[in-house]
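Position 1 is the first residue of the sequence; numbering continues from there. Worth saying up front: this structure is predicted, and the values here are computed from it rather than measured.
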Amino acid sequence: SRQALPPRPPHGPMEVEEGSKARGDGLLAFCMLKAHWGAFKAVGAFQAAARPLFAGTVASGRRLRGPGDETASASSAAPGTAGGSTGSGELGTKAAEGLGGGRGLATSLAELAEGPYFLIACQLDASALCHADATCRLLRTLNRANAGPWRALGARAFSGLEMDREGTFEGREGQQTNYSGRAAGRKQQRVDWKGRYARFLSQVPTFRSPFTGPEITTVRTADEVAYCRSRLRTDLLDTDDCGVYLEVEVISNADNLSLAVVDFEAGGRSSVTFSPDTGAVIRERKIREAPRKVEGAYIQPLPATPPGRRFEGCMGVYLRAGHLAFFRRCILGGGGGGGGTETAFKDPDLEVGPWECTGFITDLTWSEGRRLTPCIAFRDEGTYRVRVARVGPGPPFEPAKTSTAYHGTLWSSLDWEAGNQPPAGAGGGTAQ
């Protein structure tokens with residue numbers, strides 16, 4: 001007779017374990033692969049930049065590991081052992097936990113792109129942002145977004161400045177875009193904030209026609225005035241939160257020059273001029289065009305430079321909270337007399353004096369409108385080497401208010417008409 005075989009359990013634990021594990025591992029790997037792909041599909045090329053965050057979790061197509069995967073791995077490595085005797089229900093639970101861990105990781109990446117990344121990136125300078133742009137397409141896109149770090153960097157660097165035909169950095173007058181990318185009453189518009197930052201960076205320290213570029217080498221007529229392409233917006237600089245400092249380097253001086261701000265853009269006829277040779281600040285207002293008549297006053301907060309020596313060095317103007325201050329730094333001697341403007345002030349043999357400042361010397365009650373244009377006035381023609389060294393929020397040091405200068409009794413009268421020159425101690429003015 002046929003030998004009776006022992007009854008085979010219909011659902012042996014080992015078969016259930018092996019079958020469930022094979023199906024469970026396959027399903028788990030498929031689900032985790034889909035979750036992993038979905039996460040990076042949502043954040044695009046962020047995979048390259050986020051690779052350090054995934055160290056040890058993705059290799060050769062292996063699935064992401066979530067919380068509890070260690071136990072699941074142990075059960076897979078030792079089927080049939082005590083540690084591997086896991087029912088299909090528990091295995092399903094572990095698979096769900098692993099999948100949940102994958103989703104949590106994917107969500108954290110999305111949140112990094114939407115929130116913390118911008119907070120971190122907004123602390124970077126232009127060089128670091130360029131390096132971040134080079135890592136992957138997503139970071140380049142995020143950095144140029146309407147709420148991205150390129151816009152934030154430009155808004156800080158060029159706060160209070162306005163360019164010809166460009167307006168302020170964040171948009172033209174009446175067309176300011178908000179951080180959702182929409183202008184008031186207009187459909188969404190795309191702005192290349194990195195490109196806009198590059199344009200402002202290259203064009204802000206330049207002069208208008210007939211002078212072009214950031215440097216002036218030749219002045220062909222006497223009493224020439226070179227106007228900067230950038231303007232100061234007094235309405236945006238009326239608080240203590242920010243200021244604008246413009247610095248001019250004078251490498252070679254053929255005769256006499258001065259630094260001024262004028263309100264001609266708004267139809268005004270007034271100016272405030274700083275003469276680095278005499279150390280005087282001059283306020284002027286044109287009363288009559290023909291014959292020309294100018295009313296003004298001057299004060300001398302800094303000493304004059306040594307007689308017989310033309311000014312060479314740096315001079316600057318600083319506007320903050322509705323008040324103006326001027327800076328001066330003189331070249332005392334030495335230097336080889338050659339080299340480009342970028343290296344002239346780095347000559348180790350060059351003897352340069354300390355920074356001097358007038359302090360906040362005047363408010364803006366003399367001006368009209370909300371735009372002031374910086375300019376350089378040349379008294380005589382000749383060969384010069386003058387350039388705008390920098391324009392930004394920070395002066396060499398924060399000046400104090402010269403309270404005595406706000407008393408009109410300390411200002412000397414400077415009224416003159418056509419054919420009569422201003423007093424020699426006051427320097428040249430710029431009233432047009």
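Tyr245 places none of its side-chain heavy atoms less than 4.5 Å from the side chain of Arg320. Pro276 is not listed as a side-chain neighbour of Leu259, based on a closest heavy-atom distance of 4.5 Å or more. Side-chain contact between Phe158 and Glu170 is absent, with no heavy-atom pair separated by less than 4.5 Å. The side-chain heavy atoms of Ser159 and Val244, taken from C-beta on, include no pair separated by under 4.5 Å. Two residues are said to be in side-chain contact when any heavy atoms from C-beta on lie closer than 4.5 Å; Thr402 and Thr358 fail this criterion. Between Met315 and Leu257, the closest side-chain pair of non-hydrogen atoms falls below 4.5 Å. Side-chain contact between Lys194 and Arg140 is absent, with no heavy-atom pair separated by less than 4.5 Å. Using a 4.5 Å heavy-atom cutoff, the side chains of Tyr406 and His323 are in contact.
The two residues Asn143 and Ala121 have their closest heavy-atom pair at OD1-CB, 4.4 Å. For the pair Asn146 and Trp193, the tightest heavy-atom approach, listed with the atom from each and the gap, is OD1-NE1, 3.2 Å. The minimum heavy-atom distance linking Val204 with Met163 is given by the pair CG2-SD, 3.6 Å. The minimum heavy-atom distance linking Pro399 with Cys357 is given by the pair CB-SG, 3.6 Å. Contact between Thr305 and Arg328 at its shortest, heavy atoms only, is CG2-NH1, 3.9 Å. Summarising the geometry of Glu249 relative to Ala389, their closest heavy-atom pair is CG-CB, 3.6 Å, with the distance given to 0.1 Å.
Taking CD of Glu312 as the reference point, atom OH of Tyr384 lies at 11.5 Å (rounded to 0.5 Å). Asp263 contributes atom CG, which lies 13.0 Å from atom CZ of Arg231 (distance to the nearest 0.5 angstrom). For the atom pair CG of Asp133 and OG1 of Thr141, the computed distance is 9.0 Å after rounding to the nearest 0.5 Å.
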(request) Could you check Ser127 against Asp125 for side-chain hydrogen bond (donor to acceptor under 3.5 Å, both in side chains), going step by step and ending with a plain yes or no? (result) CA-CA 6 Å; Ser127 177; Asp125 59 13; 4.9 Å; no

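The backbone N or O of Phe169 sits less than 3.5 Å from a side-chain atom of Arg196, completing a donor-acceptor pair. Looking at Arg385, its side chain never comes within 3.5 Å of a backbone N or O of Val250 through a donor-acceptor pair.
Side chains of Thr362 and Arg283: a donor on one and an acceptor on the other come within 3.5 Å. Side-chain polar atoms of Thr206 and Gln203 form no donor-acceptor pair below 3.5 angstrom.
Glu295 and Arg285 are not joined by a salt bridge, as no carboxylate oxygen comes within less than 4.0 angstrom of a charged side-chain nitrogen.
Between Phe397 and Phe327, the ring centre distance stays below 6.0 Å.
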